[in-house]
Number of protein chains: 2
Amino acid sequence: MIKLDGKKMRKPNMREAILAAAEELFSTNGFNAVSVRDIAQAAGANPGSVTYHFKTKDGLLLEIYQRHCVPMNLRRSELLEAAKRVRDLKDRLEAIVRAYVLPAFSSGSDLAGGGARFTRLRAIMSAEGNDVTRRIIAQTFDDTSHAFIDAIHESLPHVPRTEIVWRSHFLLGALYYTLVTPERVSRLSRGEADGADAGEAIEQLVQSTVASLQAPPLERPAPARRRSAAGAPANAGPA
Amino acid sequence: MIKLDGKKMRKPNMREAILAAAEELFSTNGFNAVSVRDIAQAAGANPGSVTYHFKTKDGLLLEIYQRHCVPMNLRRSELLEAAKRVRDLKDRLEAIVRAYVLPAFSSGSDLAGGGARFTRLRAIMSAEGNDVTRRIIAQTFDDTSHAFIDAIHESLPHVPRTEIVWRSHFLLGALYYTLVTPERVSRLSRGEADGADAGEAIEQLVQSTVASLQAPPLERPAPARRRSAAGAPANAGPA
DNA sequence: GTTTGATTTGTACATATGTACAAATATAAT
DNA sequence: ATTATATTTGTACATATGTACAAATCAAAC
């Protein structure tokens, strides 16, 4: 038995240290740029130890994902449910967006909650290609994304769902980029803003996204036979 | 003399083929995931040929950058100047944003103009870490970024510059992410939108960004003496 | 203390990698 | 044709990489 959980593990230390080190290194340098030996060294462990605990390098990555995904999505769901209960329609929209953004930043120094490090990791993995990784991300997060999109759509019934998809997609991109290159904000603002200030970043993201979501939809796309009606039979049905 | 340009090169083919192959591979899989041998094979060349033409793998990357940067920034400058001449203030803002976005997508099948492939490359390089690469990107693009920020600021004098920095930063992040993971848009919209449709992406990005830029600035940061008279004069304007 | 099983160490191996370089080949000028 | 130069090929080397595995070490159960 490799795993004896719950009761007594002898040294949860090493395995934990390896996970932490890998998370940090992967989220900073990407997957390919980091070697198993780098991780072992950073964790103060032996390379063989990594193989022992996680079998392969991919296995290690997967474990990091699994360890964060559930808590993070849970946190988001909680915040989303709370947001949906907000009465005022405008406040509600803002609350929903904030519920999406917050868990991605919450530095949750140790474990649960998601946190900036894990979000940065996802950003890098998204960019680095690797279809397998992308599929993992999709499988793990699409449900939550749909839940948010639907919630937003309910707050903005007059905006087509497609439009909301685009704009919340932009939100995620903006979020990723801010976590990956915060110094760019500091540089371009000539020091007036601090790109690494999570609080400020969150506020800017939320306000910017709320504004973009509220913008009038594009009229162009649909062929517009008659009065749209037919247009797109499966228009997500506004509820 | 390695380079005899202008008049007669014997075979501009191989060097060119290597550049093209490398560009494609890097922009799809990132820098670290692609080996010199991969590139050589894709170009139908010998690994040694890569060393001959570009000395090192980094040299090859640098060359790809240099070859696209100047034309791309030129194109952007042209479009920006044209945009600045637009009379109507609202139209001008939109034109400016479009001038920023367009060259990043223009598929410019062969050379000049930037194009999606090159933008994707920059996106990946930004995410992959590698401080050297980030510095190259910064040096090459910060001037243009500043020019756009200033132009936007002139169209929106009541919005603090810092705010504009944040929001145009978000634009770039959204743009990058859309180029890197277009299939996510298709998936989340359940096929109603095509994330890979450059025209649609551009339109969505422009409209979304214009709306976000026009949003009222956050009141929080500044000590906020008095009543913040400014309040929210420009709320995305319905029209 | 002895036994048992989990972990850690050390090391090894096969392969992939970036780069170097000499030889072969192609291309143009004379 | 001969020469000079530019390119391409083939191959080699040193190093880095992911992973495997036997031996050593450790912590508890008996």
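Residue numbering restarts at 1 for every chain, and letters A, B, ... go by the order of the sequence lines.
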How many Å lie between CZ on A:Arg15 and P on C:dT8, as a whole number?
-> 11 Å
Whole angstrom value for the distance that separates P of D:dC26 from CG of A:Asn13 | 15 Å
Heavy-atom side-chain proximity of A:Glu128 to A:Asn32 below 4.5 angstrom = yes
To the nearest angstrom, how far is A:Asp58 atom CG from D:dT17 atom P?
-> 16 Å
Go through D:dT8, D:dT19, C:dT8 for me and flag the one nearest to the A:Met14 side chain.
-> C:dT8
Counting just side-chain N and O atoms, does B:Tyr52 come under 4.0 Å of either OP1 or OP2 of D:dT7?
-> yes
Could you tell me whether the phosphate oxygens of D:dT8, OP1 or OP2, come under 4.0 Å of any side-chain nitrogen or oxygen in B:His53?
-> yes
Are B:Glu63 and B:Lys55 within salt-bridge range, i.e. N to O under 4.0 Å?
-> no
Applying ring pair (Phe, Tyr, Trp, His ring centres under 6.0 Å) to B:Phe141 and not counting sequence neighbours gives none
For this output row, return yes or no: ring centroids of A:Tyr177 and B:Phe170 closer than 6.0 angstrom.
-> no
Give a yes or no on whether the ring-centroid distance for A:Phe118 and A:Tyr65 is below 6.0 angstrom.
-> yes
Contacting residues from residues 29-46 of chain A, given that a heavy atom lies under 4.0 angstrom of DNA chain C | A:Arg37, A:Asn46
Length of the line joining B:Leu61:CG and C:dG18:C1', which is rounded to integer Å = 15 Å
Could you list the donor-acceptor pairs under 3.5 angstrom formed between side-chain atoms of residues 44-51 of chain B and any protein atom two or more places apart in sequence or on another chain?
| unit_1 | atom_1 | unit_2 | atom_2 | d |
| --- | --- | --- | --- | --- |
| B:Asn46 | OD1 | B:Gly48 | N | 2.9 |

Picking from D:dT19, C:dT19, D:dT8, which would you name as closest to the side chain of B:Ser49?
-> D:dT8
Could you state the CG-P distance from B:Leu60 to C:dG18, rounded to the nearest angstrom?
-> 11 Å
C:dG18 P sits how many Å from B:Ile18 CD1, rounded?
-> 14 Å
